[in-house]
Amino acid sequence: MTNVAAGIMPGRLEAIHYESGELVQVELSGGKIERMTRLDEERDNQPWIAPGLLDLQINGYQGMDFNTLPIASGMPQQFTRALWAEGVTSYLPTVITNSSEAIAEAVVAIAAACAADAYTDYAVAGIHLEGPFISPEDGPRGAHGKAFVRPPDWELFQRWQEAAQGKIKIITLSPEWPGSAKFIEKVTASGVIVSIGHTSATAEQIREAASAGASMSTHLGNGAHLMLPRHPNYIWEQLAQDQLWACMIADGFHLPESVLKVIMKVKGERAMLVSDAVQLAGMPPGEYAPHIGGKVVLTPEGRLHLADQLNLLAGSAQMLLRGVEQMTRLKLCTFAEAWNMASIRPRAFLNGNGKELAFGAGTAADFVLLDRDGDSLRIRETYVQGVRV
């Protein structure tokens, strides 16, 4: 990967390790961490060092959006660089339910941006296709356009994957459609992760999907009916399926503390954080008219809701870093555990090994230096393959 002109590649640096809390000297070579040595002495004003964040589901940021077409030339590259300031070194641009032609146009643009820019190609860990094979029902469908919701279609998916040059890595679908299990088997056999989300599937259909190869739950607890049967229901069943990793939006608005706690307790090392941020993340508070129609309000606290229905969220306007802060602030886990849920853990999930790799010698030098003030975090510097970007 070609270094950016302003990038700085230090041979070594000192920082406080995010897990041990110890001062370490980090030596970099060839885009990797060559050595990490504990230092006995103390230093004042040292930053913390932690692996770069990986966002499995992000739709947009600072007015940029992967679902507003046409995607302007250079936008994905600009998007990648904007995420560095948030500590995100890898991400999956998320394309939601739309017409067949629009989805193809979006994935073509993302693949082209990766081909044109080495940093974007390195940062994009794949495309997350969220829909259109989701529930048509109000509630589970969320803000996805009902006119474009459709049953799973293997040939159509293959055409999108060809258009994306093989970059579709995750597809979110609902297994309530007839023939879903067969579709899931084909998709997983092709190397793509199937995630259950925006669903009104029965408990039996959830179990069938998991047996067919589905391995993740998309923003579990959201994209659901306002009222569910006591039991069984599709949230309980996804919690009960041990092979399903669970993604959580911990922005302080999408899930209450009790639900976050339950998901963490049940899923353990298979609980992960995502932002699911939309294009209004990072924008000033106010009223907006997004491309999907209607009007939404972004409050000073960062809550995004429909203008005419205060109780209905219109997406997430918080970045992944805020999720780490929220988990720590609620004392649901340690800072290191929250950070792992947004970095090492999703990286291990994508790699398919299911094991968290320690951050240290031999790992890619994708990391951040950050300041901690209580539960508040501030990114000081971001490094990609050992280069300060």
Side-chain angles (χ1 to χ4, degrees), residues 53 55-68 79 82-88 91 94 96 139 142-144 218-224 226 246-264 271-335 337-339 341-343 368 370-380:
L53 299 175
D55 201 339
L56 294 171
Q57 186 177 9
I58 182 166
N59 308 271
Y61 179 54
Q62 291 184 344
M64 296 175 281
D65 182 26
F66 287 105
N67 295 282
T68 300
F79 192 92
L83 292 188
W84 290 340
E86 291 287 336
V88 176
Y91 68 98
T94 301
I96 68 169
H144 292 237
T218 294
H219 50 51
L220 186 59
N222 296 115
L226 293 177
C247 295
M248 304 177 291
I249 305 174
D251 62 352
F253 307 112
H254 276 76
L255 293 174
E257 178 181 352
S258 59
V259 175
L260 291 168
K261 184 175 183 179
V262 167
I263 294 175
M264 281 190 59
M272 301 182 289
L273 294 178
V274 295
S275 73
D276 198 17
V278 299
Q279 68 182 117
L280 296 179
M283 299 291 282
E287 185 173 278
Y288 292 88
H291 72 281
I292 59 175
K295 292 184 178 180
V296 299
V297 173
L298 178 60
T299 70
E301 296 77 26
R303 185 178 187 270
L304 185 65
H305 63 80
L306 297 181
D308 56 353
Q309 298 184 66
L310 301 183
N311 294 327
L312 291 184
L313 296 174
S316 171
Q318 300 294 311
M319 300 301 286
L320 197 53
L321 193 65
R322 302 288 87 80
V324 174
E325 289 180 330
Q326 181 72 359
M327 297 297 287
T328 308
R329 184 177 298 116
L330 294 174
K331 295 181 170 52
L332 293 174
C333 59
T334 66
F335 160 67
E337 289 169 332
W339 195 276
M341 282 194 283
S343 60
V368 297
L370 67 152
D371 296 316
R372 295 179 59 192
D373 181 8
D375 300 323
S376 297
L377 306 174
R378 185 182 69 84
I379 302 297
R380 205 189 270 194

> Does a sphere of radius 6.0 Å around CG in Asp373 hold more than 12 heavy atoms from other residues, nucleotides or ligands, not counting ones at 6.0 Å or beyond?
Replying inline: no
> So do Leu273 and Trp339 actually touch side chain to side chain, heavy atoms under 4.5 Å?
Replying inline: no
> What residues form a side chain to side chain contact (heavy atoms under 4.5 Å, CB included) with Leu310, not counting sequence neighbours?
Replying inline: His305
> If we ignore angles and hydrogens, is there a donor and acceptor under 3.5 Å between the side chains of Asp65 and Asn59?
Replying inline: no
>> Checking side-chain polar atoms at under 3.5 Å, does Asp375 have a donor or acceptor matched by the opposite partner on Thr328?
In response: no
Going from [atom1] on [X] to [atom2] on [Y], what distance comes out if it is rounded to the nearest 0.5 angstrom?
X      : Y      : atom1 : atom2 : value
Tyr288 : Leu304 : OH    : CG    : 9.5 Å
Glu325 : Met319 : CD    : CE    : 12.5 Å
Met327 : Met248 : CE    : CE    : 4.5 Å
Asp251 : Gln326 : CG    : CD    : 8.0 Å

>> Quick check: closest heavy atoms across Leu332 and Leu260, and the distance to 0.1 Å?
In response: CD1-CB, 3.7 Å
>> I'd like to check the salt bridge (Lys or Arg N to Asp or Glu O under 4.0 Å) partners of Arg329; sequence neighbours left out, ordered by chain and number.
In response: none
> Hey, which of Trp84, Tyr61, Phe79 is the one that makes ring pair (Phe, Tyr, Trp, His ring centres under 6.0 Å) with Tyr91?
Replying inline: Phe79
